Structures are given as C-alpha cells and as structure tokens.
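This report concerns only the one structure given below.
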Amino acid sequence: MTARIYTDQSLAPGISISLPPVAARHVQVLRLQPGMAVTLFNGLSVEEGHYTATIQSMSRSDVQVIVGEFAVTQLEAPQQVHLAVGMPANDRMDWLVEKATELGVASIQPLMTERSVLRLSGERADKKRLHWQGIAVAACEQCGRNRVPAIHEAASLGHWLKARTPARGDQ
C-alpha cells in the first residue's frame, strides 16, 4: 500500500509539483526514495478520486513528485453530515475531530456552550482551528477519504443558533 499524501495544490497528470513542507516531512519519515509511488489527493477534483504519483527527487526540505493518472474512488457518503459540537476540554476535541473525519462528516462546527471549559477567541482560536484542520487532514490520509472536512471557526451556541433561525417574516 502506498502512502497517501494530502496537498492543497491543483493536480493534473504529467505535472511536477513540490510537496508542502508537512507532506515532504511525512515522505522523509516514511523513508521513501525517488522512484517510489505515493497517492495524492486534494479534495478539489470534480470527480471523486486520487492521483498516483512518483517521487522524482528529494532534498533535506523538499520533495518533488510527478503526478500520474487519476483514479476514480467514491468514498464519501451520499448524504453530507455536518457536526455541531460543544467543545470538550483537553485533547478530547482532537480525538473527536479525528473520529468524526474517519466516520465521514463533511464539516465540524465547534461550539462554546454555557458550561464549556474551553473558550477560544482571536489568535488562539485561529491556531486551534488550524490544528484541528491538520488533524482532519491526517485522518483522511490514514482512513482513505479524499475530501477533508471543513473545520469552522468556534462560535457561541447562541450566536450559531441565531444565525440558523429564520426571521419571523421569512417563515
């Protein structure tokens, strides 16, 4: 089985791309070598699937690959599930993002409820969201999904509910 690598770049057969730093490090940790195959996915393909790729060259901080053929693989659920969840304390949210991704959710909305221990705002909220997005990417690489769920900015439960409730004149 080849290593699955996520990249947010556009992919097409025959092009040569440089893997993002995190993906390049992953390839190096796996001790892959030039000429070896990897599987690339970006969640941007019109059709659901992934690309084969061959490692072209490697340096200390860069991995170049040549993108191969596209393979159609429909792995997503026919109905999209969007998870809105009160944020648990400690690293339980990390676990929740990983498992929800593996189960196939399309997006995750972290909510700060009245009794939530974790309160996020500003730069700290942005860092947490990017951290959780990275966990979702890693879960997709591991479980075989081709689409990475969106992790939305943390919101208060009241604000989130108000944004989804139609105005009285709209009913």
Side-chain angles (χ1 to χ4, degrees), residues 1-85 87-88 90-110 123-154:
M1 180 173 207
T2 63
R4 289 179 45 80
I5 307 292
Y6 172 79
T7 179
D8 59 0
Q9 301 172 66
S10 294
L11 301 172
I15 66 170
S16 177
I17 63 168
S18 182
L19 293 180
V22 172
R25 180 71 183 137
H26 187 192
V27 167
Q28 292 167 341
V29 166
L30 293 174
R31 296 187 176 162
L32 300 178
Q33 298 297 318
M36 296 179 103
V38 294
T39 300
L40 300 177
F41 69 101
N42 63 6
L44 302 175
S45 304
V46 175
E47 297 180 65
E48 192 68 33
H50 61 261
Y51 290 85
T52 59
T54 305
I55 299 171
Q56 184 179 25
S57 64
M58 296 175 68
S59 68
R60 187 163 178 82
S61 62
D62 185 53
V63 175
Q64 292 283 332
V65 298
I66 296 179
V67 179
E69 294 185 18
F70 180 77
V72 175
T73 51
Q74 179 57 276
L75 301 172
E76 298 299 314
Q79 297 294 320
Q80 290 189 346
V81 174
H82 302 277
L83 177 64
V85 59
M87 290 185 292
N90 303 326
D91 59 354
R92 291 185 188 130
M93 186 67 177
D94 293 2
W95 180 86
L96 190 145
V97 168
E98 177 185 359
K99 297 307 171 192
T101 299
E102 290 171 354
L103 289 171
V105 299
S107 69
I108 300 171
Q109 173 62 66
E123 186 178 329
R124 184 170 176 238
D126 293 338
K127 285 182 179 180
K128 274 294 192 185
R129 190 185 67 74
L130 289 173
H131 170 74
W132 293 327
Q133 194 69 61
I135 290 172
V137 165
C140 284
E141 288 175 343
Q142 185 65 32
C143 76
R145 283 187 68 188
N146 293 316
R147 295 209 184 258
V148 179
I151 310 295
H152 300 291
E153 291 182 22

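Just so it is clear, the model here is predicted, and its values are computed rather than measured. Throughout, residue positions are numbered sequentially from 1 according to the sequence presented. Reckoned from all heavy atoms, side chains included, excluding hydrogens, waters and symmetry mates.
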Return all side-chain donor-acceptor pairs below 3.5 angstrom for residues 133-143, not counting sequence neighbours, or 'none' if the list is empty.
from   : atom 1 : to     : atom 2 : distance (Å)
Gln133 : OE1    : Ile151 : N      : 3.1
Gln133 : NE2    : Pro149 : O      : 2.9
Glu141 : OE2    : Tyr6   : N      : 2.9

Q) Got a donor-acceptor contact below 3.5 angstrom from the Gln9 side chain to the Ser18 backbone? A) yes
**Q.** Ile17 side chain near Val65 side chain, heavy-atom distance below 4.5 Å
**A.** yes
Q | Heavy-atom closest pair, residues Tyr51 and Pro13 | A | CE2-CD, 3.8 Å
Q. Looking only at heavy atoms, what is the nearest atom pair of Ala23 and Ile5, with distance?
A. CB-CG2, 3.4 Å
Q: Taking all non-hydrogen atoms of both residues into account, name the closest pair between Gln28 and Val63 and its distance.
A: NE2-CG2, 4.3 Å
Q | Point-to-point distance, once rounded to the nearest 0.5 Å, from CZ of Arg31 to CE of Met36 | A | 12.0 Å
Q.
Could you check whether any side-chain heavy atom of Val85 comes within less than 4.5 Å of a side-chain heavy atom of Met93, counting everything from C-beta outward?
A. yes
Q: Would you check, one step at a time, whether the test side chain to side chain contact (heavy atoms under 4.5 Å, CB included) holds for Leu96 with Leu83?
A: CA-CA 10 Å; Leu96 190 145; Leu83 177 64; 3.9 Å; yes
(Q) Looking at every non-hydrogen atom in both residues, tell me the closest pair between Val148 and Phe41 and how far apart they are. (A) CG2-CE1, 4.2 Å
Q. For the side chain of Gln109 and the backbone of Glu153, is there at least one donor-acceptor N/O pair under 3.5 Å apart?
A. yes
Q: Mind listing the closest non-hydrogen atom pair of Ala53 and Val67 along with its distance?
A: CB-CA, 4.2 Å
Q. Which heavy atom of Ser10 sits nearest a heavy atom of Ile15, and at what distance?
A. O-CD1, 3.8 Å
Q) So, the side chain of Thr39 versus the backbone of Thr52: is there a donor-acceptor pair under 3.5 Å, distance only? A) no
Q. Hey, are the side chains of Pro34 and Gln56 touching, using non-hydrogen atoms and a 4.5 Å cut-off?
A. no
Q) Is any side-chain heavy atom of His152 less than 4.5 Å from a side-chain heavy atom of Ile108? A) no
Q. Got Val105 and His82 here, is their nearest side-chain heavy-atom distance under 4.5 Å?
A. no
(Q) Using the rule given for side chain to side chain donor-acceptor pair (under 3.5 Å), can you reason through Asn42 versus His50, listing the C-alpha separation, both sets of side-chain angles and the distance that settles it, and then say yes or no? (A) CA-CA 8 Å; Asn42 63 6; His50 61 261; over 6 Å; no
Q) Is any side-chain heavy atom of Trp132 closer than 4.5 Å to a side-chain heavy atom of Pro110? A) yes
**Q.** Distance, nearest 0.5 Å, that separates OG1 of Thr2 from CG of Leu32
**A.** 9.0 Å
Q) Does any N or O in the side chain of Arg4 come within less than 3.5 Å of the main-chain N or O of Leu40, such that one atom is a donor and the other an acceptor? A) no
